[in-house]
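Being a predicted model, the structure only gives us computed values, none of them experimental.
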Amino acid sequence: MSRFESRGGRRRGRRVILALGLGLVFAAIGTSLRVGARPAVTVEAALPGLGRSTPIRVSASSTGRGLSRLIVTLHQDDRSEVLLDKTYVYRPAWALWGPQTVDEVVEIEVGSETVEGLEDGVATLQVEASAPGTWVRRAPSTVVRQQYPVILRPPTLAVVSTQHYPAQGGAEVVVYTVGTTSIRDGVRSGDAWFPGYPLPGASDNRRFALFAVPFDLDSSESVRLEAEDALGNLTQTAFVDKFFPRPFRTDRIEVSEKFMALVVPEIQANTPGLKPGSGLVEDYVAINRDLRGANAQTLRDLAQQSRQEFLWSRNFQSLPNAQVMSAFADRRTYVFAGEEIDHQDHLGFDLASVKRAPVPAANDGLVILAGYFGIYGNTVLIDHGYALMSLYGHLSSFGVEPGQVVERGEIVGHTGETGLAAGDHLHFTMLLQGEAVNPVEWWDAKWLRDRLKRKLGEAMPFVE
Ligand SMILES: [Zn+2]
C-alpha cells in the first residue's frame with residue numbers, strides 16, 4: 001500500500017514540476033513579448049514660429065511599462081542639434097508594479113538664444129518618444145516632426161522726430177517708423193509701457209508714442225523706443241537727447257486720531273470689500289497704502305478704454321484763483337504720535353480755493369469715471385484721448401456721468417473733502433497710460449507747442 005501510494009505521489013510530483021516548468025516557459029515567452037505601449041506624443045509651440053526664443057511644449061505618454069526615452073532634435077538644412085535626450089526608469093517586462101513614467105511634459109525654449117547657428121528660413125523639430133522593448137521585440141517608438149518658419153530679424157525701427165527733452169515726472173513725444181512685422185511698439189520707461197499709435201494723416205508707416213519718465217526714475221537710461229514681432233524678436237533704441245532730473249520735495253504729514261476717525265469710516269463705507277480691521281491706525285495705513293495701490297492699478301486699467309484721437313486742441317486749465325497746497329510728487333512721510341507709519345508719494349496737485357468752489361474740466365474730453373473712487377473720494381476722470389486723462393478728487397459733488405462729452409471750462413463738480421482729505425481742496429492730476437505726470441507741462445501752451453506740436457505737426461490739432 002505504502003509503495004503504491006508513494007509511486008502515485010512521485011507521479012503527482014512530476015506533474016507539478018511539469019506544470020511549473022510549462023508555466024515558467026509561458027511566463028518567459030510572455031515577458032519576452034511584453035513590450036510597452038506605443039507612446040502618444042503632442043507638440044505645441046506658444047508662437048507661430050521660431051525667433052529669439054519660442055516655448056515649445058512636448059507631451060509624451062505610454063501606459064503599461066512607462067516611457068523609456070525622449071529625444072528632441074532640431075534640424076535645419078544638414079545640421080541638427082539635440083535639444084533634449086532623457087531616459088526614464090521603466091517597469092521590467094516581468095513586473096506588474098514598480099516605478100514608471102506614464103506621462104511626461106517638458107517645455108523647451110527654441111530659438112536663436114538656445115540654438116547656435118540657427119538661420120532665417122525653415123526648421124524641423126523632431127520628437128522621438130520610446131517605450132521599453134524586450135530581448136526579442138523592438139522598443140515601440142513614436143516620431144513626430146513639426147516644421148516652423150524661422151525669422152530672426154526684428155522689425156525695423158527708426159526715430160523720425162528730434163529734440164526729446166523729458167523731465168523727471170514729465171511727458172514727451174517721439175515720432176518713428178516701424179516695419180510691418182511689428183506687433184508691439186512704443187516706449188519703455190522704467191517699468192512703465194507707453195504704446196505707439198499710427199500718426200493721423202501720415203501716409204507711410206509713421207507712428208508716435210506719448211510717453212512719460214515716471215517721477216521715481218532719476219535717469220533716462222532705461223527709456224527706450226522698442227518694437228517686437230510675433231516671434232519675440234525685439235529691437236530697441238535710445239532716443240532721449242536731454243533729461244531733466246527734478247528732485248522732489250519731501251513733506252512730513254502729522255496724522256491725528258481725529259483725522260483718521262473722520263476719513264477711515266467714510267472710505268470703508270464707500271469701498272466694497274474694505275472692512276474695519278484691527279485698529280484705526282492699521283485701517284488708515286491699509287487705505288493709504290493698499291487702497292492707494294489698488295486705485296493706481298484701476299487708473300492703469302481705465303487707460304485701456306481711452307479713445308485713439310486727440311479730443312482737445314488747447315492747453316489744459318487749472319482751478320481758477322487757487323492756491324497750491326501741495327505740488328506734484330511730494331514725498332510724504334506720515335507720522336502718528338511721533339512715529340512714522342507710512343511713506344507715499346503725492347502724485348498730483350492740491351489746489352485750494354473757496355469752499356465748494358466750482359471745478360472746471362481742464363480740457364475737452366469724455367467723462368470716463370464719475371463716482372466714489374477710494375482715497376480720492378468723489379472723483380471725476382476725463383479722457384482726452386491717447387490715454388491722456390485728468391483726475392479731479394475729493395469733490396463734494398459732481399454733475400457729470402460716464403460717457404458724457406465735456407468742454408474745456410465746463411463745470412464738472414465742486415471742491416470738497418471726501419476721501420483721504422483734510423480740508424476743502426481739489427486734488428488734480430494728469431495721467432498718461434494711468435501713470436501720473438506733472439500737470440504743469442500740460443497747463444503750459446509753450447511746452448505743448450515746443451515739445452509736442454512741433455513733432456506731431458498736423459496730426460495734433462493744437463491752437464494757442
Ligand atoms: Zn492731493
Side-chain angles (χ1 to χ4, degrees), residues 41-60 70-86 105-129 142-161 174-199 202-209 211 221-240 304 308 433:
V41 172
T42 58
V43 179
E44 281 170 289
L47 301 172
L50 307 181
R52 202 156 51 120
S53 186
T54 298
I56 296 183
R57 225 173 125 88
V58 174
S59 315
L70 184 63
I71 308 171
V72 181
T73 42
L74 189 73
H75 302 266
Q76 189 175 44
D77 304 326
D78 52 356
R79 285 168 298 120
S80 69
E81 174 146 341
V82 177
L83 303 174
L84 180 98
D85 187 350
K86 205 170 165 187
V105 179
V106 288
E107 193 165 284
I108 310 170
E109 295 284 337
V110 189
S112 59
E113 282 183 358
T114 53
V115 182
E116 218 176 302
L118 194 65
E119 287 169 5
D120 284 86
V122 174
T124 304
L125 187 87
Q126 179 178 307
V127 177
E128 182 177 359
T142 303
V143 176
V144 170
R145 288 186 194 89
Q146 197 87 51
Q147 220 172 51
Y148 296 106
V150 181
I151 300 168
L152 304 176
R153 248 186 306 257
T156 56
L157 184 65
V159 178
V160 173
S161 53
V174 58
V175 179
Y176 59 96
T177 59
V178 67
T180 51
T181 57
S182 170
I183 59 154
R184 194 187 57 83
D185 49 79
V187 175
R188 183 166 300 289
S189 187
D191 294 331
W193 172 248
F194 300 92
Y197 303 97
L199 189 71
S203 53
D204 52 8
N205 49 349
R206 244 163 229 239
R207 294 169 69 82
F208 76 101
F211 69 96
E221 249 168 67
S222 69
V223 180
R224 292 276 187 278
L225 180 66
E226 62 179 51
E228 192 177 7
D229 68 14
L231 302 183
N233 295 303
L234 181 78
T235 181
Q236 289 186 317
T237 174
F239 66 96
V240 171
Q304 308 303 314
Q308 288 190 22
Q433 301 292 345

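- Using a distance-only test at 3.5 Å, with no hydrogens or angles considered, no donor-acceptor pair links the side chain of S161 to the main chain of V174.
- The side-chain heavy atoms of L118 and V110, taken from C-beta on, include no pair separated by under 4.5 Å.
- Residue D77 places its CG atom among more than 12 non-hydrogen atoms of other residues, nucleotides or ligands, all under 6.0 Å distant.
- In this structure, the side chain of R206 does not engage the main chain of V160 through any donor-acceptor pair within 3.5 Å.
- In this structure, Q76 and E81 have side chains that are not in contact, with every pair of non-hydrogen atoms separated by 4.5 Å or more.
- If you check the side chains of T114 and E109, you find no donor sitting under 3.5 Å from an acceptor.
- Although no hydrogens or angles enter the test, the distance criterion places no donor-acceptor pair under 3.5 Å between the side chain of R224 and the main chain of Q236.
- Proximity of a side-chain donor or acceptor of T235 to a complementary backbone N or O of A227 within less than 3.5 Å is not detected.
- Of the possible donor and acceptor atoms, one in the side chain of R52 sits under 3.5 Å from a partner among the backbone N and O of G232.
- Judged purely by atom type and a 3.5 angstrom limit, N205 uses its side chain to pair as donor or acceptor with the backbone of V178.
- When the shell of 6.0 Å around CD of E221 is examined, it contains 12 or fewer heavy atoms from other residues, nucleotides or ligands.
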Quick one: side chains of residues 144-159, donor-acceptor pairs under 3.5 Å with protein atoms, not counting sequence neighbours, listed by atom name and distance.
| residue | atom | partner | partner atom | Å |
| --- | --- | --- | --- | --- |
| R145 | NE | Q126 | OE1 | 3.0 |
| T156 | OG1 | G179 | N | 3.3 |

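- Closest heavy-atom contact between W193 and V187: CE3-O, 3.4 Å.
- No side-chain heavy atom of T237 sits less than 4.5 Å from a side-chain heavy atom of Y176.
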